[in-house]
Amino acid sequence: MTSSMMTLEHLIGLDQSHLLTIEDNVELLGQKFQCHHEVLVPLAKLIRQSEVDGIPLRVVSSYRSFEYQLAIWNKKFYQEVELNLRDGNKVNSQELNANDRVKAILNYSALPGTSRHHWGTDFDLFDACSLDQGYKPELTEQEFEANGPCGNLHYWLEENLSEFGFFKPYAEDLGGIACEPWHISYTSIATVALDEFPIELLRTAIENADIGGKEIILSRLESIVQKYVKRINQP
């Protein structure tokens, strides 16, 4: 058991017992999602303040299990899917060899077991007004630029996140996960989770999973963890 009240299985998405499921809660805009039980109150306060300030936010992605993340990974590895590249271009996943495909997927999609979303502390946000008007989010940097649908939300988050105990782990591109201005993390619990990340348990989970590019992943697992898990913008 970690000091953040999470087991090692929680940290790689194999156990959901640390979560609360939020559904049809008026104070949370009627959204349905799961989060770490200690994150509910600060998240509710953040959402409430965004409404008060006239820039209401919406959680568009929260907890993901290992199996859910595995499905995302395998779809991108095996099917003809457009992958976003760091330079803003897109490429068909099947036009890349296996090594380059793994590398391209890792730009924006975590390896199963390594996603911060497993912890229930991390959330992808979007401007609720845009969603209510029928906009379908793609979660791109362009959407959070000044003239994008989340331009106002971007600046609001910059000014208010820390007050409620959150930060952006991918605020700037440090060469690991690409910049994600929509991704927020609850600092106190996520910091402990990162410090206690169980790479050997992850290795076992990957070995036992039906995952595309398994041999490539296992041969580089330590470097993948260092680059795409440990390398973040500090709070």
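Reckoned from all heavy atoms, side chains included, excluding hydrogens, waters and symmetry mates. We're numbering straight along the sequence, starting at 1.
- By the rule that hydrophobic residues join a cluster once side-chain heavy atoms approach within less than 4.5 Å of another member, Tyr63 and Trp73 end up as members of separate clusters.
- The hydrophobic clustering, which links ILVMFWY residues whose side-chain heavy atoms are closer than 4.5 Å, places Leu157 and Ile177 together.
- Tested against Ser109, the residues Lys75, Gln69, Lys76 include a single side-chain hydrogen bond (donor to acceptor under 3.5 Å, both in side chains) partner, Lys76.
- The closest side-chain heavy-atom distance from Gln34 to Gln16 is below 4.5 Å.
- Within the 4.5 Å cutoff, side-chain heavy atoms of Gln49 are placed close to those of Trp156.
- Put simply, Tyr186 and Trp182 are part of the same group of oily side chains (I, L, V, M, F, W, Y) that touch within less than 4.5 Å, one to the next.
- The heavy-atom pair separating Leu131 from Tyr135 by the smallest distance is CD2-O, 3.5 Å.
- Residue Lys214 holds its NZ atom at 8.0 Å from CD of Glu207, rounded to the nearest 0.5 Å.
- Pairing each heavy atom of Leu106 with each of Leu111, the nearest pair is CD2-N, 4.0 Å.
- Between the side chains of Arg116 and Ser185, at least one donor N or O lies within less than 3.5 Å of an accepting N or O.
- Salt bridge Arg203/Glu200: present, at least one basic N to carboxylate O contact under 4.0 Å.
- Ring geometry, His183 versus His117: the interplanar angle falls from 30° to 60°, so the pair is classed tilted.
- No donor-acceptor pair under 3.5 Å is formed between the side chain of His154 and the backbone N or O of Gly151.
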Checking side-chain contact (heavy atoms from CB on, under 4.5 Å) for the pair Leu201/Ile12: CA distance, chi angles, key distance, verdict?
-> CA-CA 8 Å; Leu201 182 59; Ile12 63 170; 3.5 Å; yes
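- Between atom CZ of residue Arg58 and atom OG of residue Ser50 there is a gap of 9.5 Å, rounded to the nearest 0.5 Å.
- Within 6.0 Å of OH on Tyr68 lie no more than 12 heavy atoms contributed by other residues, nucleotides or ligands.
- Separation of atoms CD (Glu196) and OG1 (Thr7) is listed at 11.0 Å; rounding is to 0.5 Å.
- Heavy atoms only, all atoms of each residue included: Ile217 and Gly212 are closest at CD1-O, 3.6 Å.
- Contact of the Ile189 side chain with the His36 side chain is registered, since non-hydrogen atoms from C-beta on lie closer than 4.5 Å.
- Ion pairing of Lys168 with Glu158 is present here, as a side-chain N (NZ or NE/NH1/NH2) and a carboxylate O approach within less than 4.0 Å.
- Of all heavy-atom pairs between Thr187 and Phe166, the closest is OG1-C, 3.7 Å.
- Under the 4.5 Å side-chain criterion, counting only non-hydrogen atoms from C-beta, Phe126 is not in contact with Leu57.
- The shortest side-chain heavy-atom distance between Gln226 and Ile224 does not fall under the 4.5 Å cut-off.
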Worked verdict on Ser65 versus His118 for side-chain hydrogen bond (donor to acceptor under 3.5 Å, both in side chains) = CA-CA 6 Å; Ser65 68; His118 295 328; over 6 Å; no
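- Between the CD atom of Glu215 and the CG atom of Asn99 there is a distance of 11.0 Å, given to the nearest 0.5 Å.
- Formation of a donor-acceptor pair under 3.5 Å by the Ser188 side chain with backbone atoms of Gly165 is not found in this model.
- Between Val225 and Phe197 the shortest side-chain heavy-atom distance falls below 4.5 Å.
- In this structure, Leu40 is a member of the same hydrophobic cluster as Trp119, with clusters built from ILVMFWY side-chain heavy atoms closer than 4.5 Å.
- In this structure, Pro235 and Ser162 have side chains that are not in contact, with every pair of non-hydrogen atoms separated by 4.5 Å or more.
- Remark: Asp132 CG is packed, more than 12 non-hydrogen atoms of other residues, nucleotides or ligands lying under 6.0 Å away.
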Check the pair Cys179 / Tyr170 against side-chain contact (heavy atoms from CB on, under 4.5 Å), numbers first and verdict last.
-> CA-CA 5 Å; Cys179 180; Tyr170 310 122; 5.8 Å; no
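- Closest non-hydrogen pair, Phe33 versus Leu43, comes out as CE1-CD2, 3.5 Å.
- Atom CG of residue Leu96 and atom CG of residue Leu83 lie 6.5 Å apart, to the nearest 0.5 angstrom.
- Follow the hydrophobic side-chain contacts under 4.5 Å out from Leu202 and you reach Leu218 in the same cluster.
- Under a 3.5 Å cut-off, the side chain of Asn74 and the backbone N or O of Asp210 do form a donor-acceptor pair.
- Remark: Arg86 engages Asp173 in a salt bridge, criterion side-chain N to carboxylate O under 4.0 Å.
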Under the salt bridge (charged side-chain N to carboxylate O under 4.0 Å, His left out) criterion, do Arg48 and Asp53 qualify, and how do the steps go?
-> CA-CA 9 Å; Arg48 192 176 301 122; Asp53 291 346; over 6 Å; no
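- Although no hydrogens or angles enter the test, the distance criterion places a donor-acceptor pair under 3.5 Å between the side chain of Gln94 and the main chain of Gln79.
- Remark: side-chain polar atoms of Asn233 are paired, donor with acceptor, to backbone N or O of Pro169 under 3.5 angstrom.
- Side-chain atoms of Asn208 come within 3.5 Å of backbone N or O of Thr204 as a donor-acceptor pair.
- Note: Glu82 CD to Asn92 CG = 7.5 Å, rounded to the nearest 0.5 Å.
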Apply side-chain contact (heavy atoms from CB on, under 4.5 Å) to the pair Glu141 and Glu180, showing each step before the final yes or no.
-> CA-CA 7 Å; Glu141 290 184 66; Glu180 295 189 350; over 6 Å; no
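- Checked by atom type and distance alone, the side chain of Glu163 never pairs as donor or acceptor with a backbone atom of Asn160 at under 3.5 Å.
- No side-chain donor-acceptor contact under 3.5 Å links Thr121 to the backbone of Ala190.
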side-chain contact (heavy atoms from CB on, under 4.5 Å) between Ile184 and Leu161, intermediate numbers included | CA-CA 8 Å; Ile184 70 167; Leu161 272 185; 3.7 Å; yes
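- The shortest heavy-atom contact between Ser62 and Phe123 is CB-CD2, 3.7 Å.
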